[in-house]
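What follows is one structure encoded as structure tokens, with my remarks underneath.
Side-chain atoms are counted along with the backbone in the values below, which use heavy atoms only and exclude waters and symmetry mates.
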Amino acid sequence: MPFEFTHVPGKTHPADPTAPFFYDFAETATKLSLIEDIGFQKIVVDDPAGLLTNMDIAARALDRTSSLEIVLTHWAGVIDPTVAARQLAALDAKSGGRLSLRMLSEPLNDDDAETRPVGHTVVWQRIDEYLVLLKRLWSNDRPFDHEGAFYSVSGGYVPRKGPRSAGVSIRMGGRSGTALRVAGRHADVFELTPGSLDEIRQLMERVRNAAAEHGRAGKLRFALPVRIRSEGNASCQKAVEFVGPPAQVALSLLPYAALGIEEFMIVGVDRPREIAMAGRETIALLRNTLARREAPPPGAFAPRVIREARAG
């Protein structure tokens with residue numbers, strides 16, 4: 001089973017809580033190179049300034065990396081779906097297929113509140129319609145019209161599509177039945193919320209059941225936010241917390257991997273020394289341990305070899 005590790009930067013710079021993590025892109029570029037080289041496959045872009053800033057950071061991050069997947073945090077309702085589809089298709093083309101979309105739920109804005117009741121279900125209904133439109137815009141070969149509960153599109157068309165058409169990976173999360181129904185329809189990666197092993201196992205089963213309603217039960221991957229605590233480093237990101245030396249943290253992750261989790265989103269390692277340590281020690285130790293556990297025991301194929309030799 002392939003395992004991936006995603007770096008989740010803090011909302012602020014580790015040395016200055018008043019500055020966002022990506023405030024100095026020259027410094028960020030150095031960290032991106034380290035993150036890419038040390039064993040991470042992905043990095044989350046989620047700046048406090050919001051969606052438009054996220055898209056600008058994602059574009060610059062793609063320029064400064066060659067293999068790192070850029071996980072762009074996104075919200076429905078900020079940009080018109082047709083405009084968003086064109087901008088995201090351009091980013092996907094720029095990335096060569098290294099872009100993924102992390103959809104978060106946000107309250108409806110004041111204009112929406114004047115015409116519709118605002119609530120959890122309504123928010124997720126809008127996300128659902130938004131994703132349906134993005135996928136259709138990324139894959140259609142001719143303009144189309146759409147009139148829905150939240151969006152009206154006339155002659156919707158994206159002439160320059162990304163290399164994967166509608167195959168941009170979608171990441172979602174949530175715990176409510178409404179959130180899981182939408183995620184079951186659209187998500188390629190489901191970001192789990194922290195909890196006990198049993199709670200996480202139950203949530204994974206609920207997500208699989210929701211995906212099965214759309215024939216997608218086997219198409220989901222699961223990601224778990226993991227916080228490696230270090231002195232003087234705080235994070236508002238909710239995650240399963242581990243404290244201790246790298247070997248202990250790596251061993252603590254094994255039961256979660258056994259549940260079928262294939263991606264660990266590492267939170268709380270924003271300084272270069274912490275990033276390097278997480279890559280050289282925790283990530284390397286976990287990968288080596290899992291590889292040893294999955295390797296066949298010595299002599300496992302001996303009977304077959306003997307039988308084939310005798311038959312020859």
Side-chain angles (χ1 to χ4, degrees), residues 4-75 78-79 87-88 91 94-95 98-106 169 171-173 189 191-194 223-243 249 263-283:
E4 296 183 323
F5 293 86
T6 300
H7 183 263
V8 184
K11 290 287 189 179
T12 58
H13 190 276
D16 183 0
T18 65
F21 179 86
F22 293 104
Y23 86 106
D24 182 344
F25 207 80
E27 179 182 330
T28 297
T30 301
K31 289 183 179 179
L32 286 173
S33 296
L34 177 60
I35 289 166
E36 186 171 32
D37 293 342
I38 212 69
F40 288 92
Q41 286 75 44
K42 307 175 185 180
I43 184 169
V44 171
V45 174
D46 184 9
D47 193 85
L51 174 57
L52 297 179
T53 299
N54 282 350
M55 296 180 80
D56 178 60
I57 292 171
R60 289 190 286 170
L62 289 167
D63 282 337
R64 296 301 185 102
T65 57
S66 59
S67 63
L68 202 63
E69 180 176 317
I70 307 303
V71 180
L72 173 61
T73 303
H74 196 75
W75 299 268
V78 180
I79 304 177
Q87 292 178 340
L88 292 168
L91 274 179
K94 180 187 186 74
S95 74
R98 289 189 292 126
L99 181 73
S100 62
L101 204 59
R102 182 176 182 242
M103 292 298 302
L104 298 185
S105 64
E106 285 286 309
S169 179
R171 303 171 66 97
M172 304 180 78
V189 177
E191 296 183 6
L192 297 157
T193 52
L224 179 70
V226 172
R227 174 171 161 77
I228 302 175
R229 293 190 59 184
S230 60
E231 185 178 351
N233 197 327
S235 172
C236 62
Q237 173 80 24
K238 293 181 179 179
V240 178
E241 292 196 359
F242 296 97
V243 182
V249 173
E263 178 184 337
F264 292 105
M265 303 173 68
I266 308 299
V267 178
V269 290
D270 290 336
R271 295 179 174 86
R273 179 176 175 275
E274 296 166 341
I275 295 169
M277 182 177 294
R280 283 197 304 263
E281 300 182 14
T282 302
I283 291 176

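Residue I57 holds its CD1 atom at 12.0 Å from CG of L62, rounded to the nearest 0.5 Å. Going from atom CD1 of I228 over to atom OG1 of T282 covers 4.5 Å, rounded to the nearest 0.5 Å.
Side-chain contact between I70 and I43 is present, with heavy atoms from C-beta onward closer than 4.5 Å. Looking only at side-chain heavy atoms (C-beta outward), L88 and H74 come within less than 4.5 Å of each other. Contact of the S169 side chain with the V189 side chain is registered, since non-hydrogen atoms from C-beta on lie closer than 4.5 Å.
Here the rule is side-chain contact (heavy atoms from CB on, under 4.5 Å) with T73, and of L104, V45, D47 only L104 fits it.
Heavy-atom minimum distance, P48 versus P20: CD-CB, 4.1 Å. Minimum interatomic distance between I38 and I275 (heavy atoms only, all atoms of both residues): CG2-O, 4.0 Å. In terms of heavy atoms, F5 sits closest to G39 at CB-O, 4.4 Å. Minimum heavy-atom separation, D270 to G10: OD2-N, 2.9 Å. Considering every non-hydrogen atom in both K94 and A59, the closest pair reads CE-O, 3.3 Å. Between F40 and A278, the shortest heavy-atom distance links the atoms CZ-CB, 4.5 Å.
Applying the side-chain hydrogen bond (donor to acceptor under 3.5 Å, both in side chains) test to pairs two or more places apart or on separate chains, those with a residue in residues 32-44 are E4-K42, E36-S66, E36-S67, Q41-R287, K42-E263. Residue pairs meeting the salt bridge (charged side-chain N to carboxylate O under 4.0 Å, His left out) criterion with at least one partner in residues 20-29, sequence neighbours excluded, are E27-K31.
Aromatic ring pairs are classed by plane angle as parallel below 30°, tilted from 30° to 60° and perpendicular above 60°; the pair F21 and H7 is tilted.
Not counting sequence neighbours, the partners of I79 by the side-chain contact (heavy atoms from CB on, under 4.5 Å) test are L51, L52, M55, V83, A84, Q87.
A donor atom on one side chain and an acceptor atom on the other are found under 3.5 Å apart for R98 and T65.
For R64, the CZ atom is loosely surrounded, since the number of other residues' heavy atoms within 6.0 Å does not exceed 12.
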For the pair N54 and W75, evaluate side-chain contact (heavy atoms from CB on, under 4.5 Å) and give the outcome as yes or no after the intermediate values. CA-CA 11 Å; N54 282 350; W75 299 268; 3.6 Å; yes

